[in-house]
Amino acid sequence: MKTKNIALFSLMLALGVIVNYIEFMVPLPFLFPGAKLGIANSLGIILLYFLGVKYYFGYSFLRVLLSAILFSGFGSTFLISLGGTILAVIFTLIVAKFVKCSIYGISITGAIFHGFGQVIVVSILYQTVYMLTYMLILTISGLISGILVAYLSKSIITKVKIFA
């Protein structure tokens with residue numbers, strides 16, 4: 001690993017944790033209950049684009065872990081977030097590697113599967129299948145947030161030369 005890559009990764013991870021916290025603390029009334037924009041995910045996509053899979057993978061899991069350590073603890077919130085992250089990372093990497101779609105496809109896939117992973121974990125934790133009815137709402141919010149995150153990520157990638 002290059003020192004420059006480690007420094008950029010660390011900076012992006014710190015920013016991701018801060019953005020995650022801000023999104024948690026500032027609810028947006030126009031979103032569905034439990035949904036958020038997921039702006040911190042744009043930093044992961046930028047890392048995937050510039051530094052590759054292992055940095056994206058590390059960022060995704062370390063952001064969830066650090067957020068739990070700093071803000072929420074290791075209860076149900078952590079497990080729900082981790083479940084969403086696991087499913088999102090798996091499907092994002094599948095789409096990025098095998099489907100070779102645009103940044104929009106990658107971001108939308110991650111957003112939608114993050115919601116699916118969260119619903120699955122909630123269904124298991126609370127032993128109810130009724131939470132699965134929320135999948136349609138999370139698919140719609142994932143589509144919207146995925147588009148916004150992709151737009152933000154693409155804007156940053158095309159304008160910031162620090163990664164070059």
Side-chain angles (χ1 to χ4, degrees), residues 12-13 15-49 53 55-68 70-157:
M12 297 294 265
L13 181 59
L15 288 172
V17 170
I18 291 167
V19 169
N20 214 38
Y21 181 70
I22 291 169
E23 279 192 314
F24 177 73
M25 295 303 294
V26 182
L28 299 175
F30 58 87
L31 292 177
F32 300 109
K36 56 184 194 167
L37 291 176
I39 295 171
N41 296 326
S42 64
L43 300 168
I45 290 172
I46 292 166
L47 285 170
L48 176 62
Y49 183 82
V53 170
Y55 288 95
Y56 171 72
F57 184 84
Y59 170 84
S60 298
F61 288 101
L62 286 174
R63 182 171 55 89
V64 170
L65 181 65
L66 288 173
S67 293
L70 295 171
F71 312 122
S72 67
F74 291 99
S76 61
T77 302
F78 168 71
L79 294 174
I80 293 166
S81 183
L82 183 63
T85 299
I86 289 169
L87 213 55
V89 166
I90 289 168
F91 281 92
T92 298
L93 293 177
I94 288 170
V95 166
K97 183 169 177 127
F98 298 111
V99 179
K100 308 255 188 223
C101 61
S102 71
I103 196 168
Y104 285 89
I106 291 168
S107 179
I108 291 167
T109 299
I112 289 173
F113 280 97
H114 192 277
F116 287 0
Q118 289 181 318
V119 167
I120 291 167
V121 171
V122 168
S123 296
I124 293 168
L125 287 175
Y126 298 104
Q127 299 177 351
T128 179
V129 294
Y130 295 112
M131 190 62 194
L132 298 174
T133 60
Y134 206 53
M135 290 285 210
L136 178 61
I137 292 170
L138 288 177
T139 301
I140 294 167
S141 67
L143 178 65
I144 294 166
S145 67
I147 290 169
L148 294 173
V149 165
Y151 178 78
L152 176 63
S153 301
K154 187 173 182 178
S155 297
I156 292 170
I157 288 168

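Just so it is clear, the structure is predicted and the values come from calculations on it, not from any experiment. When reading the values below, keep in mind they use all heavy atoms of this one structure, side chains included, and skip hydrogens, waters and symmetry mates. Position 1 is the first residue of the sequence; numbering continues from there.
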For this session: Go through the steps to decide whether Y55 and Y59 satisfy the test ring-ring contact (aromatic ring centres under 6.0 Å, His included), and finish with yes or no.
Result: CA-CA 6 Å; Y55 288 95; Y59 170 84; over 10 Å; no
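- Considering all non-hydrogen atoms of both residues, G16 and A40 come closest at O-CB, 3.6 Å.
- Considering every non-hydrogen atom in both N20 and S67, the closest pair reads ND2-OG, 3.0 Å.
- Between L82 and F61 there is a side-chain heavy-atom pair separated by less than 4.5 Å.
- Side-chain N or O atoms of S42 include none that pairs as donor or acceptor with a backbone N or O of S153 at under 3.5 Å.
- Heavy atoms from other residues, nucleotides or ligands lying under 6.0 Å from CZ of F78 number more than 12.
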Problem set entry | Step-by-step side chain to side chain contact (heavy atoms under 4.5 Å, CB included) determination, I103 to I157 | CA-CA 10 Å; I103 196 168; I157 288 168; 3.6 Å; yes
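- Side-chain contact check for H114 versus T85: some heavy-atom pair is nearer than 4.5 Å.
- In this structure, CG on L93 lies 8.0 Å from OG on S60, to the nearest 0.5 angstrom.
- Distance CD1/I120 to CG/L125: 12.0 Å, rounded to 0.5 Å.
- One finds the CG atom of L132 at 10.5 Å from the CG atom of L138 (value rounded to the nearest 0.5 Å).
- Within 6.0 Å of CZ on F71 lie more than 12 heavy atoms contributed by other residues, nucleotides or ligands.
- Counting heavy-atom neighbours within 6.0 Å of Y104 OH, excluding the residue itself, gives a total above 12.
- R63 pairs in a side-chain contact (heavy atoms from CB on, under 4.5 Å) with only one of the listed residues (V19, L15, N41), which is N41.
- Separation of atoms CD1 (I112) and CD1 (I144) is listed at 10.5 Å; rounding is to 0.5 Å.
- Counting heavy atoms from C-beta on, the side chains of V129 and S123 never come closer than 4.5 Å.
- Listed here is the closest heavy atom pair of V121 and L79: CG1-O, 3.7 Å.
- Interatomic distance, I18 CD1 to L13 CG, rounded to the nearest 0.5 Å: 10.0 Å.
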For this session: Decide side chain to side chain contact (heavy atoms under 4.5 Å, CB included) for T139 and F116; before the verdict, give the C-alpha distance in whole Å, the side-chain angles of both, and the deciding distance to 0.1 Å.
Result: CA-CA 8 Å; T139 301; F116 287 0; 3.2 Å; yes
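- Of all heavy-atom pairs spanning S107 and A150, the tightest one is OG-N, 3.4 Å.
- Of the possible donor and acceptor atoms, none in the side chain of S81 sits under 3.5 Å from a partner among the backbone N and O of T77.
- Closest non-hydrogen pair, T92 versus G110, comes out as OG1-CA, 3.2 Å.
- Taking CD1 from I106 and NZ from K100, the interatomic distance works out to 9.5 Å, rounded to the nearest 0.5 Å.
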Exercise. Do L65 and F74 pass the side chain to side chain contact (heavy atoms under 4.5 Å, CB included) test, and can you show the C-alpha distance, the side-chain angles, and the key distance before you say yes or no?
Worked result: CA-CA 9 Å; L65 181 65; F74 291 99; 3.6 Å; yes
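- A96 and L48 make their closest contact through CB-CD2, 4.4 Å (heavy atoms, listed as atom of the first residue, atom of the second, distance).
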